[in-house]
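Here is the structure we will look at, set down as structure tokens.
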Amino acid sequence: MIESNTIEDWEAAYAEEAKNKPKIAYLCLRVPPELIEAAGAIPIRIAPRKEFDTSINGLIRSDGCSFCRSVPAILETPCYQNVKAVIGGNCCDQMRRLLDTLGESLEIPVILYGAPRTWNADRSYFQVEFQQAFKYLFDQLDLQLDINCLESIIPLYNKLRNRIAELRMANSMSNGLLQDLARSSLPVIEKLKFLEQINTEPSGNQPIRLLLAGSIPGVWELAEIEKCGVSVVADVTCLGDRVFQFLVKESGNPWENLYDAYVEGNLCPHRRPVDPLIDNIKRMIDERAVQGVVYRSVKYCHPWGLLADRMKQELNLPVLVVDDDLTSPAVSNFRTRVGAFVEMLQSRSRRRA
Amino acid sequence: MIPAKQINYRQWHELFKEIPDERVKNTRYYHHLPDAEWSQYLFPPSTHAVYGNRLLRKMKFDNSPAALRLWGFVLSESERIYRARQAGMKVVAVVGDLGAITPLVYSFPDTVAFYPDCLWWTPFLMESRVLFNEAGQLGMGEDCCFVRAALGAFSKRAYFPKPNLIIGTVGATCDDMAAVMSGTEFIGNDVYYLELPARDTIPGNQQRQLSFLADRYREVATRLEAVTGHSFSEDRLHETVGKVNLIRSLISEVKDLAATTGPNPMGGMEMMNVEFAALSYYGDLEECTAVLGAFRDEMKARVEQQNGYPDQPLRIVWVTPPADPILQNYAEDLGARIVGSEYVINQSTPALKTEGDVFENLAEGQLAGSLMGSSRFRVDLVVDQVRRAKADGVIISGIFASTHCPYETRPIIDAVRKEGVPVLAFDVVAPGKKQLQSQINNRMEAFIESLRMRRSRRAG
């Protein structure tokens, strides 16, 4: 089994080389890091980090989504130092408003582009919006997008996706490493090298196979779940398998291909109707022989939180629904509930045997 | 002229006896249908209280027949939509866009629209948590704002007839309503989704947004053709837009009259009912125009004759509609009057253009929406109201767990304070939470007291 913590060493080793490149922070799965990398910048996903100070959250009221409330604090952590701009595609309403709030409070460009929340709304409109936003971003930072570089990076990202899918299906990559890779700002080539040098022996079969669903995870939930002696074999949170799930077409117009994969193909719960997301989860459950679902939403995350009940009815599996607040995590409660859930699954499994 | 005052439901019960029978008989909706007793709607609040709107027993109402007619019209909307369905009209539920699409719906013959979103005040009016509990059973608890009542209503099937079409607006709108739509779908309703683009994105894309939205409206027109069996007619839409503009201009005129410097000519709740008429015209465009026309005449006469409520000198701008209507009564009892408002429905405020592409004109109206762009836009709307109305203070009645209040409240407070105007912000609490409710009352009392002292200090 690959150890997830080694990626930090790679990031530390790469830090010197990265020093002279501008960092662009981005929000969510609608932003292709390929584009940022091809413009000579470092794409860095805005996601919970170990060091973030939960007390810095004064911009947004306490009944806002706790991830959105955490973002100002997350941006204060060392890895976001010297970020030159923030970009995000319109996804859930709170994410849109978060970008607006950041735009008012940060002294760097914060760019939001429209993106569809229905299916097949009018791709020409949204594609232009997407393209113009990145051009605007690069103009603001005086960066030049190198199309040749972009065309060569897209296959590398696909290679990374294929490799990750392969390792995940073979039970050779822990979910922790998967999330670390999703958070990581390493260039794709470094991520590939990293994957080459690690041990890919399949882990021993864990008796219980879980799927993790829900809002963006913090930094501790996964460890707590795995402590219960289970294996998270599928992860549909926005730091999980969905990050690497879909390949980008390599021939034709790269803008169109990136748009298709990241914007049109986006399977987030804010899209209506929500059936394609549910179908995708069901497919993963079948493919990976999942026995139970831990559905963890952060407080006031409406797209995931208000979908929990429906998911419970649709998935036809034991589902544990847990609410959490990233700004004041209830670790012990979480541990107790997951522990009880796993015990229930274990006894169910024993009964069946 | 009768001196203007606010009276309770018992007083209205008595006063109602003075209203001639002929007037009661002739106050009807759906005039195009054969004369029928069921379409009368001029009743005292006590009658509506008997039908379940228990909060009316605690509220105060304006004492003019024009205001009574308005209340009757508003409170009979649910019944009216059922009648429409019985009479063979098509009923379209329009969810989420709050006022932008209804001119298009009404341009189709024998078709009416309503907003399930507006069911959010029903639990307050009925002093009942039935709709919230029902939504809770379907997975939408207190993490969702009060619009979850709409899901409860869809599930209960007793608050409006099954719509012939449900149009659900998603995109740059709140996620609570998007969750309601999803829940509605899950319990067996088809939802036709309409994409609303985020407004304040990259610079210079306004024309593209306009064209995008106009195309969506064309698609809606096609869908309405299929549902109603009538072809879309540009002439009919022009005609409907003319009527809608008349309603919007009446509302604008009434708002100006409410902000005059003389005594307060009208109650805040009546004013809010007027403003919300712009959403779906309470299910009858023609009658709505007549109701608002009579209301405007009453207010105009009162302003000319300086006939208003005594002892309400403090001028308040109210931000975000209070789901609990009694809050405005409470502020008025304490000596405040509502001279301006920003009720998140700015898209239904501007007069629609009558020249050029009809769909682009509708789109342009929608793009003035309160909630589809940056918080800065809404902050400016509030500041504009504060300046125009020369407000003494601002009250923000927030919506707990909505997707906009957590982000907008702070910037609005900061901007209003920068104008030198005090502001009170609180979240409306659900029915039955008496202790929390009394905290709000205490805060309002202290706030209005401080405004009064500030005013007297300034007067020397």
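By convention in this document, chain letters (A, B, ...) are assigned in the order of the sequence lines, proteins followed by strands, and residues within each chain are numbered from 1.
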Subject >> Heavy-atom donor-acceptor pair, B:Thr409 side chain to B:Pro406 backbone, under 3.5 Å >> reply: no

Original post:
Looking only at atom types and distance, does a side-chain atom of A:Asn90 sit under 3.5 Å from a main-chain N or O of B:Ala198, one as donor and one as acceptor?
Top reply: no

Tell me, out of [options], who's got the most heavy-atom pairs with chain B below 4.5 Å.
| options | answer |
| --- | --- |
| A:Cys301, A:Cys92, A:Gly64 | A:Cys92 |
| A:Ala308, A:Cys65, A:Pro116 | A:Pro116 |
| A:Ser62, A:Ala121, A:Gly114 | A:Ala121 |

Over 60° means perpendicular and under 30° means parallel, so classify the ring planes of [Y] and [X], tilted if in between.
| X | Y | answer |
| --- | --- | --- |
| B:Trp318 | B:Phe426 | perpendicular |
| B:Phe146 | B:Trp120 | tilted |
| A:Trp255 | A:Phe134 | tilted |

Original post:
Is chain B contacted by the side chain of A:Lys299, its backbone, both, or neither, given a heavy-atom distance below 4.5 Å?
Top reply: side chain

**OP:** Heavy-atom distances under 4.5 Å only: say whether A:Thr101 touches chain B with side chain, backbone, both or neither.
**Re:** side chain

Please determine if [X] and [Y] form a salt bridge, counting it only when a charged side-chain N lies under 4.0 Å from a carboxylate O.
| X | Y | result |
| --- | --- | --- |
| A:Asp325 | A:Arg69 | yes |
| B:Glu342 | B:Arg378 | yes |
| B:Asp200 | A:Arg96 | no |
| A:Asp279 | A:Arg283 | no |
| B:Glu360 | B:Arg218 | no |
| A:Arg337 | A:Glu221 | no |

Considering only heavy atoms, which portion of [X] lies under 4.5 Å from any heavy atom of chain A: side chain, backbone, both, or neither?
| X | result |
| --- | --- |
| B:Asn205 | side chain |
| B:Pro411 | neither |
| B:Arg216 | side chain |
| B:Leu213 | neither |
| B:Thr173 | backbone |
| B:Gln209 | both |

Original post:
Taking non-hydrogen atoms and a cut-off under 4.5 angstrom, which of residues 264-277 of chain A neighbour chain B?
Top reply: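 Within residues 264-277 of chain A, near chain B: A:Arg272, A:Pro273, A:Val274.
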
**OP:** With chain B as the partner chain, list the residues of residues 25-36 of chain A whose heavy atoms fall under 4.5 Å from it, by residue number, and write 'none' if nothing qualifies.
**Re:** none

**OP:** Flag the one option from B:Gly168, B:Gly398, B:Ser375, B:Ser211 with the top tally of heavy-atom pairs under 4.5 Å to chain A.
**Re:** B:Ser375

Original post:
Using the benzene-type ring in the case of Trp, are the ring centres of B:Phe400 and A:Tyr300 under 6.0 Å apart?
Top reply: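 Between A:Tyr300 and B:Phe400, which both carry aromatic rings, the centre distance is below 6.0 Å.
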
Original post:
Would one find more than 12 heavy atoms of other residues, nucleotides or ligands at under 6.0 Å from atom CD of A:Gln140?
Top reply: yes

Subject >> A:Lys312, NZ: over 12 other non-hydrogen atoms inside 6.0 angstrom >> reply: no

